[in-house]
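Notes for the one structure printed next.
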Amino acid sequence: MAKETKQPDHLLFGRQGEQLAFETLLKQGYIIRERNWRSDHHEIDIVAEKDSRIIIVEVKARKEPIEDISEVIDRKKINFLIAAGNAYLNACHLDFELQFDVILLYGSQDALMVEHIPDAFMAPLRTYR
């Protein structure tokens with residue numbers, strides 16, 4: 001008989017946060033196209049659709065409130081999400097405008113607070129090194 005392995009608390013907390021983010025988007029009228037989409041080195045927590053846009057949603061769950069979005073989404077992560085969004089459009093042969101949302105969750109497993117930030121950032125027209 002296989003031994004049952006207990007998942008670490010931080011993984012359970014993260015999964016609970018992603019489920020709550022999923023439910024929040026559904027209540028707001030988003031169509032969920034994918035959850036945990038992966039291709040090569042690209043990864044997207046949630047791919048949704050609303051108002052003729054493909055929405056790339058990054059979910060961040062923490063125990064403490066997040067005061068500034070830059071604490072969890074830096075320039076490198078923004079570039080990664082932009083590349084992943086473009087990879088998704090290419091893989092699915094879609095011609096949609098991309099939107100980037102962030103869902104911040106904080107608190108305990110018993111009481112998570114949800115903050116949805118639509119259009120959290122815009123893809124730069126040009127990147128500089």
Side-chain angles (χ1 to χ4, degrees):
M1 189 158 133
K3 194 162 76 170
E4 191 175 311
T5 57
K6 185 179 182 227
Q7 299 250 324
D9 287 343
H10 71 279
L11 291 178
L12 293 173
F13 185 69
R15 284 198 184 97
Q16 180 186 5
E18 284 195 10
Q19 181 62 30
L20 188 53
F22 169 77
E23 293 167 6
T24 298
L25 293 168
L26 286 178
K27 288 177 187 171
Q28 294 177 2
Y30 286 67
I31 298 165
I32 306 302
R33 295 178 64 102
E34 305 272 354
R35 290 176 74 174
N36 298 308
W37 181 82
R38 286 178 174 76
S39 174
D40 296 326
H41 63 279
H42 300 107
E43 178 185 344
I44 302 171
D45 293 335
I46 298 173
V47 179
E49 184 178 336
K50 188 174 183 184
D51 301 330
S52 299
R53 287 182 169 185
I54 295 295
I55 297 100
I56 306 304
V57 183
E58 178 69 8
V59 180
K60 294 292 185 184
R62 299 288 188 270
K63 302 273 185 202
E64 300 296 322
I66 299 164
E67 300 297 326
D68 182 356
I69 194 171
S70 67
E71 292 175 30
V72 291
I73 309 283
D74 60 11
R75 172 58 63 193
K76 184 177 178 181
K77 183 65 174 182
I78 288 171
N79 288 336
F80 178 82
L81 291 169
I82 291 165
N86 286 321
Y88 180 81
L89 291 179
N90 289 333
C92 297
H93 308 289
L94 298 173
D95 186 24
F96 281 81
E97 182 178 337
L98 285 174
Q99 175 178 314
F100 299 91
D101 290 11
V102 175
I103 295 185
L104 305 173
L105 302 115
Y106 57 90
S108 67
Q109 287 183 327
D110 299 332
L112 275 175
M113 302 297 295
V114 180
E115 182 180 358
H116 179 198
I117 306 169
D119 253 341
F121 60 88
M122 307 251 329
L125 296 176
R126 207 169 162 188
T127 56
Y128 296 94
R129 294 180 186 223

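For reference, positions follow the sequence shown, starting with 1. Heavy atoms only: backbone and side chains are in, while hydrogens, waters and symmetry mates are out. From a predicted model like this one, the values you see are computed outputs, not experimental measurements.
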Applying a strict under-4.5 Å side-chain criterion to I, L, V, M, F, W and Y, I'd like to know whether V72 and F100 cluster together. yes
Taking the side chain as every heavy atom from C-beta outward, state whether H116 and Y30 have any pair of such atoms under 4.5 Å apart. yes
State plainly whether the residues R53 and D119 are in salt-bridge range, i.e. N to O under 4.0 Å. yes
So, for A87 and W37, which heavy atoms are closest and what is the spacing to 0.1 Å? C-CH2, 3.9 Å
I need the C92 SG to E34 CD distance, nearest 0.5 Å. 6.0 Å
Supply the atom-to-atom distance L98 CG to L81 CG, rounded to the nearest 0.5 angstrom. 10.5 Å
Quick check for you: to the nearest 0.5 Å, what is the distance between R35 atom CZ and Q19 atom CD? 4.5 Å
Geometric class of the H41/F80 ring pair [parallel <30°, tilted 30-60°, perpendicular >60°]: tilted
Does some side-chain heavy atom of L25 sit less than 4.5 Å from a side-chain heavy atom of I103? yes
Would you name the heavy atoms of A84 and E43 that are closest together and state the gap between them? CB-O, 4.1 Å
Rounding to 0.5 Å, atoms NZ (K50) and CZ (R33) come to a distance of 15.5 Å
With the 4.5 Å side-chain cut-off for hydrophobic clustering, are Y88 and F96 part of the same group? yes
Between the CZ atom in R15 and the CZ atom in F22, the distance rounded to the nearest 0.5 Å is 15.5 Å
Which heavy atom of Y106 sits nearest to which heavy atom of E64, and what is that distance? CB-O, 3.4 Å
For residues G17 and L105, report the shortest heavy-atom separation together with the two atoms involved. O-CD1, 3.5 Å
For L112 versus G107, what's the shortest heavy-atom pair and its separation? CD2-N, 4.0 Å
Rounding to 0.5 Å, atoms CD1 (I78) and CD1 (I73) come to a distance of 7.0 Å
Measuring only between side-chain heavy atoms, which start at C-beta, is K60 closer than 4.5 Å to R62? yes
Hey, quick one: are L20 and M113 part of the same hydrophobic cluster, counting side-chain heavy atoms closer than 4.5 Å, chains of contacts allowed? no
Is there side-chain contact between V57 and D45, with heavy atoms separated by less than 4.5 Å? no
So N36 and E18, side chain to side chain contact (heavy atoms under 4.5 Å, CB included) or not? Walk me through it. CA-CA 9 Å; N36 298 308; E18 284 195 10; 3.1 Å; yes
Do you know which two heavy atoms are closest between I44 and G85, and how far apart they sit? CD1-N, 4.1 Å
Take R38 and D40 through the test side chain to side chain contact (heavy atoms under 4.5 Å, CB included) and record every step on the way to the result. CA-CA 7 Å; R38 286 178 174 76; D40 296 326; over 6 Å; no
